[in-house]
Each structure stands twice: as C-alpha cells, then as structure tokens.
Amino acid sequence: MRTQVAIIGAGPAGLLLSHLLHLNGIESIVLESRSQAEIEATIRAGVLEQGTMDILSNAGVGARMQAEGALHHGIELAFGGQRHRIDLTELTGKAITVYPQHEVIKDLVAARLAAQGQLLFEVSGVELHGVDTAAPSVGFIHRGEAGRIEADFVIGCDGYHGVTRPAMPGEGRQDFKRDYGFGWFGVLVESAPSSEELIYARHERGFALVSTRTPTVQRLYFQCDPADHVDNWSDDRIWAELHARLENNDGWRVNEGRIFQKNIIGMRSFVSTPMQSGRLFLAGDAAHIVPPTGAKGMNLAVSDVALLAQGLEQFYRQGSDERLQGYTTAALKRVWRAEYFSWWMTSLLHTFADATPFQREVQRAELECVVSSRAMATALAESYVGAF
Ligand SMILES: Cc1cc2nc3c(=O)[nH]c(=O)nc-3n(C[C@H](O)[C@H](O)[C@H](O)COP(=O)(O)OP(=O)(O)OC[C@H]3O[C@@H](n4cnc5c(N)ncnc54)[C@H](O)[C@@H]3O)c2cc1C
C-alpha cells in the first residue's frame with residue numbers, strides 16, 4: 001500500500017489529522033489496534049476549549065457537538081464546606097463545552113468513512129521502518145495478513161502506551177516526568193446532573209470532581225490510591241466517600257443513581273522531546289500526558305494535529321518544510337503551558353501523603369486567594385478556557 005501520510009492510532013489526534021489532511025487533498029491511512037465499537041465506547045475526556053470547538057467546526061465535524069454539547073460559563077471550587085463560582089465568561093469572555101470524547105470520535109469516524117477514508121481497525125504488530133529516510137514504511141497485521149504501508153511521513157497518534165514514541169531515535173531525546181502517587185477513581189452514573197457546572201472539591205479526605213457527560217449521565221471522580229482495585233469499592237462505599245468529600249453548608253448533595261462503570265487512572269505529567277525525528281512526528285498523548293484536573297489532554301491532541309496539518313499542507317502545496325521543522329517548538333509552547341496549569345490545579349486541589357501541616361495550611365490559603373482575588377481567578381479562568 002502507498003499513501004502520503006501513515007497515521008498510527010485512531011484517537012482524537014489520529015482521526016482529526018486524517019480528516020484535516022483529507023480536506024487539504026492529502027491522502028492518509030489510519031491504523032488502529034482496537035475495533036470501531038471499542039473506540040466509540042471508551043469514555044474519557046469531556047471538556048472542549050473554544051479553540052478545539054472552532055477547529056472541529058471549521059473541519060465540518062462540529063454539527064452534533066454544537067447541537068448536543070453543553071456550554072459551561074463557569075466552574076465551582078468547593079472547600080471548607082463552601083462552594084465558590086469562577087465565572088469563566090465574565091473573567092475571559094470565553095466558555096467551555098462539555099461534549100464527550102467518544103462522541104467526538106464517532107463524529108470523526110463517520111466523517112472519515114463518508115469520505116471513503118482508509119481506516120483499518122484491529123491491526124496488530126505495527127512496526128516502523130526507515131523513519132530517518134525520505135521513504136519510511138509501516139509493517140502491520142490486519143485480519144491475519146501481513147501488510148506494509150509505504151509513506152512520505154509517519155505520524156504517531158497512538159497514545160501514551162503506543163509503539164511510535166519508543167521507535168524515536170534515542171539520541172538527543174529528553175523525557176520529563178512527574179508521578180503524583182495518587183489516582184482518580186472514576187464512576188459513570190445514570191442520573192440527572194447534580195450541578196449545571198463542574199465542581200472541583202478539596203477535602204481532607206482527598207479531591208473529588210462532579211462532572212457531567214449527558215443530561216442523563218454523570219461523571220464523578222475521587223482521589224484514590226492508584227494501586228487500589230475497583231472491586232474493593234461497593235456502590236455504598238463510593239457514595240459514602242463522595243458525600244463526605246462533597247459535604248457543604250448550603251444543603252446541596254450529589255445525585256445518586258445506578259453506577260454502571262468504575263475505573264482507576266494514575267495521575268502523571270509527562271513530556272517527551274523532541275516531538276519529531278526525520279519523517280516521524282508524535283502528536284497528543286503519544287508525546288505528552290497531563291493529569292486530567294486541568295481538562296487539557298484532548299485539547300492538546302487537537303492543537304498538535306492542527307499544527308501538523310498546516311505543516312504537511314505547506315510541504316505538499318509549497319514544497320517547504322519550514323513549518324514541519326518548527327513543529328516541536330510551536331507545539332511545546334502550548335504543551336508546557338498546559339502542563340503547568342494541570343500541575344497547578346492538581347497541586348491546589350489534592351491531598352498529598354507527605355504534606356506537612358504547614359503545606360496543608362498554605363494550600364488552603366492559596367485556594368482562598370484564588371476565590372477572593374479577581375487577578376488569581378482570572379489567571380485560572382484564562383488557562384481553563386485555553387486563552388493562551
Ligand atoms: C479518565 C480520563 C479523563 C480525561 N478527561 C479529560 C478532559 O476532561 N479533557 C481533556 O481534554 N482530556 C481529558 N483526558 C485526556 C484525553 O482523553 C486524552 O488526552 C486524549 O484521548 C488523547 O488523544 P490521543 O488521540 O492523543 O490518544 P488516545 O485517545 O489515547 O488514542 C490513541 C489510539 O491509538 C491506538 N493505539 C495504541 N497503540 C497502538 C498501536 N500499537 N497500533 C495501532 N493503534 C494503537 C489506541 O487504541 C487509541 O485508540 C482524560 C483522560 C482520561 C483517561
């Protein structure tokens with residue numbers, strides 16, 4: 001098989017890149033290890049910045065998102081028994097939209113298939129060859145048969161555990177990493193949203209987050225031991241923990257309902273540089289991870305591939321690789337801002353096992369400053385809506 005751009009991974013990064021290239025008349029083939037049903041059912045992110053909305057809408061895949069996404073003009077910070085609203089729109093003129101990542105995936109898959117895009121599901125054994133030459137290739141197995149794609153470029157959009165980052169030449173590489181030592185226990189609940197806006201709660205027992213996915217499904221999280229197991233948590237124990245962490249003085253309570261999914265994710269920050277080598281480029285979680293406290297992961301995946309699409313368009317239309325050469329520098333500028341914000345939100349709102357009494361009091365004082373100082377609230381709001 002021959003194509004211009006071979007893309008590994010059909011997450012938001014890989015699918016959107018393939019679609020943006022198609023709109024510019026550039027051919028691509030996407031290889032995905034999971035089935036279509038699986039990628040369309042994996043519940044993950046949900047917060048879209050305005051910039052992400054604009055990119056998806058301009059690419060012609062925003063109709064359902066515009067119709068069904070919920071526009072949020074603020075978030076709440078809860079601590080000390082009180083809830084405090086950060087008015088994102090008043091402070092920044094912008095808002096965020098809650099529209100589940102798997103719905104974005106469905107929209108992108110539908111657009112690729114409608115355009116007869118080449119999207120191969122359930123491939124295995126993906127191997128990269130010759131990425132430091134002008135003629136890279138990708139070997140893989142599909143439906144029991146070995147295949148090979150000859151391409152001009154290979155783009156790694158295969159997430160944190162993928163095969164493309166390990167295939168990057170080791171020389172000159174630098175990885176930056178922070179493990180927080182805690183995770184998030186996430187539940188999906190069949191019930192009406194408890195709150196119109198997201199609530200980020202700090203409590204002595206640990207962090208909790210009240211989020212929504214649809215008018216009938218809530219996404220709730222609480223800080224946990226990353227080595228814990230979902231089987232250790234009965235529904236009653238989960239509700240008791242959530243009520244304890246979300247207790248407040250105004251009588252508000254989180255809505256209970258049938259819990260139909262439980263999972264635990266570890267919190268980490270990670271950046272691998274450079275995001276390119278020869279004809280191999282990385283985008284999204286393949287190159288960087290943020291803890292979800294700042295709601296930046298999917299937004300970064302989208303902004304990375306928007307840059308790559310521009311670079312590839314310049315390469316094929318004008319014969320210049322100037323933008324592609326500048327990809328790592330351009331992408332990392334935004335990545336590190338998001339890394340900083342996600343680390344700061346995580347540090348502000350979680351309990352740390354090794355925190356001294358002094359550090360706990362400083363953390364509480366910082367939260368009070370954020371909700372009482374317009375300047376600090378504005379700084380949070382600007383980063384949250386992605387105004388950087
Ligand atoms: C619980 C949770 C909550 C989150 N909340 C938010 C949020 O609120 N807002 C936000 O912006 N982000 C959030 N994120 C992060 C967001 O989901 C990710 O950043 C986003 O999915 C990254 O997209 P991606 O396309 O780079 O990678 P992925 O979505 O990971 O896609 C990679 C794809 O590559 C495929 N793949 C992997 N290896 C191979 C291989 N060898 N061959 C072929 N295919 C392969 C995988 O199956 C997958 O489909 C959250 C993440 C989690 C886990």
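These numbers come from the heavy atoms of this one structure, side chains and all, not from hydrogens, waters or symmetry mates. Both counts, for ligands and for their atoms, begin at 1 and track the order of listing.
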**Complete:** For ligand 1, protein residues within the heavy-atom limit of under 4.0 Å are I8, G9, A10, G11, P12, A13, L31, E32, S33, R34, I39, R44, A45, G46, V47, Q101, V126, C157, D158, G159, G162, V163, Y221, I265, G284, D285, P292, A295, K296, G297, M298, N299, A301
**Asked** Between R44 and D285, does at least one N-O distance fall below 4.0 Å, as a salt bridge requires?
**Response** yes
**Asked** Salt bridge between E122 and R143, side-chain N to carboxylate O under 4.0 Å?
**Response** no
**With T328 via side-chain hydrogen bond (donor to acceptor under 3.5 Å, both in side chains) - residues at least two apart** = Q276
**Fill in**
ring-ring contact (aromatic ring centres under 6.0 Å, His included) filter on Y327, not counting sequence neighbours, yields F281
**Message:** I'd like to know if R178 and E339 make a salt bridge, using a cut-off of under 4.0 Å between side-chain N and carboxylate O.
**Reply:** no
**Partner set under side-chain contact (heavy atoms from CB on, under 4.5 Å) for N24, not counting sequence neighbours** = I26, E313, R317
